[in-house]
Amino acid sequence: VLAACTFPSVPPPEQASKVQVQTQQTVQPTLAAKWRVVAFNKFTEKELADKNAYLDFSKMPKAYGNMGCNGMMFQANVIGAGKIDFGHIAVSMMLCEDMKLEDAFLRKQSVWNYRFDGNDLILEQKGISIRLRRE
């Protein structure tokens, strides 16, 4: 009968503060996902949506992408805090009517700075910024 009247145990203050800190910490986002391009240079949101542009890092270091015409394969290697190297990008050889987005991206290969902005991934390099949103 007395067992039914007991109160749940309260952790000591030092343990309670550790639990509180752990629940307040946010989970760090990861690069390993498929990302839809939502902003890139002067391209409009509609142009990007019509191109169905994306980068897929879900199988890193193998990475894939498409900027509206050709499929791309490359190695995506994190080379330091906030830096990712795409190295050489292999591209299929289709010729499309409008390849401006693809050409703009391929001219800027190699090392990018990256950071997270909420659920978005921002890639930056030499004044160029690409905003990607997790799918």
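Just so it is clear, the values below take in all heavy atoms, side chains as well, and ignore hydrogens, waters and symmetry mates.
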query = Any link between L55 and V38 through a network of hydrophobic side chains (Ile, Leu, Val, Met, Phe, Trp, Tyr) touching at under 4.5 Å?
reply = no
ask   = Which value, rounded to the nearest 0.5 Å, describes the distance between L101 atom CG and K42 atom NZ?
value = 9.5 Å
note = Rounded to the nearest 0.5 Å, the CE atom of M72 sits from the OG atom of S92 at a distance of 9.0 Å
query = Do the side chains of I128 and Y114 join up, straight or via other hydrophobic residues, at under 4.5 Å, putting them in one cluster?
reply = yes
request  = Can you measure from CG (N113) to CD (Q125) and round to the nearest 0.5 angstrom?
outcome  = 8.5 Å
Worked verdict on W35 versus L123 for side-chain contact (heavy atoms from CB on, under 4.5 Å) = CA-CA 11 Å; W35 300 90; L123 299 176; over 6 Å; no
ask   = Does any N or O in the side chain of E102 come within less than 3.5 Å of the main-chain N or O of M99, such that one atom is a donor and the other an acceptor?
value = no
ask   = Hey, is the main chain of F43 close enough, under 3.5 Å, to the side chain of N41 for a donor-acceptor pair?
value = no
request  = Among residues two or more places apart or on two chains, list those pairs meeting disulfide (SG to SG under 2.5 Å) that have a residue in residues 45-99.
outcome  = C69-C96
ask   = What closest approach, in Å, do G68 and N66 show between heavy atoms, and which atom pair accounts for it?
value = N-OD1, 2.5 Å
Step-by-step side-chain contact (heavy atoms from CB on, under 4.5 Å) determination, T30 to R134 = CA-CA 10 Å; T30 178; R134 185 184 310 271; 4.2 Å; yes
ask   = Nearest 0.5 Å, what's the CD1-CG distance between I79 and D85?
value = 5.0 Å
ask   = With sequence neighbours excluded, what pairs up with K46 under the salt bridge (Lys or Arg N to Asp or Glu O under 4.0 Å) test?
value = D50
task = Quick one: pull up CD1 in I130 and CE in M67 and give me the separation to the nearest 0.5 Å.
result = 5.5 Å
key: Least distance between heavy atoms, A76 atom then I84 atom   = CB-CD1, 3.8 Å
inquiry  = My understanding is that only one of Y64, F86, W112 makes a ring pair (Phe, Tyr, Trp, His ring centres under 6.0 Å) with F57; could you say which?
reply    = F86
Whether over 12 other heavy atoms sit under 6.0 Å from N119 CG = no
task = Sequence neighbours left out, what passes salt bridge (Lys or Arg N to Asp or Glu O under 4.0 Å) with D98? Give chain and number order.
result = K51
task = Begin with the C-alpha distance, continue with both residues' side-chain angles, and end with the deciding distance and a verdict on side-chain contact (heavy atoms from CB on, under 4.5 Å) for L31 and F116.
result = CA-CA 9 Å; L31 287 167; F116 294 98; 4.1 Å; yes
inquiry  = side-chain contact (heavy atoms from CB on, under 4.5 Å) for F105 and V37? Distances and angles first, verdict last.
reply    = CA-CA 11 Å; F105 178 75; V37 180; over 6 Å; no
ask   = Would you find more than 12 non-hydrogen atoms of other residues, nucleotides or ligands less than 6.0 Å from K100 atom NZ?
value = no
Rounded distance (nearest 0.5 Å) linking atom CG of L121 with atom CZ of R133 = 11.5 Å
request  = Taking salt bridge (Lys or Arg N to Asp or Glu O under 4.0 Å) as the test, write out the residues that go with E124, two or more places apart.
outcome  = R115
note = Sequence neighbours excluded, the answer for side chain to side chain donor-acceptor pair (under 3.5 Å) partners of N77 is none
task = Decide yes or no for F40 and L132: does some side-chain heavy atom of the first lie under 4.5 Å from some side-chain heavy atom of the second?
result = no
request  = Please identify each residue that fulfils ring pair (Phe, Tyr, Trp, His ring centres under 6.0 Å) with Y54, with sequence neighbours left out.
outcome  = none
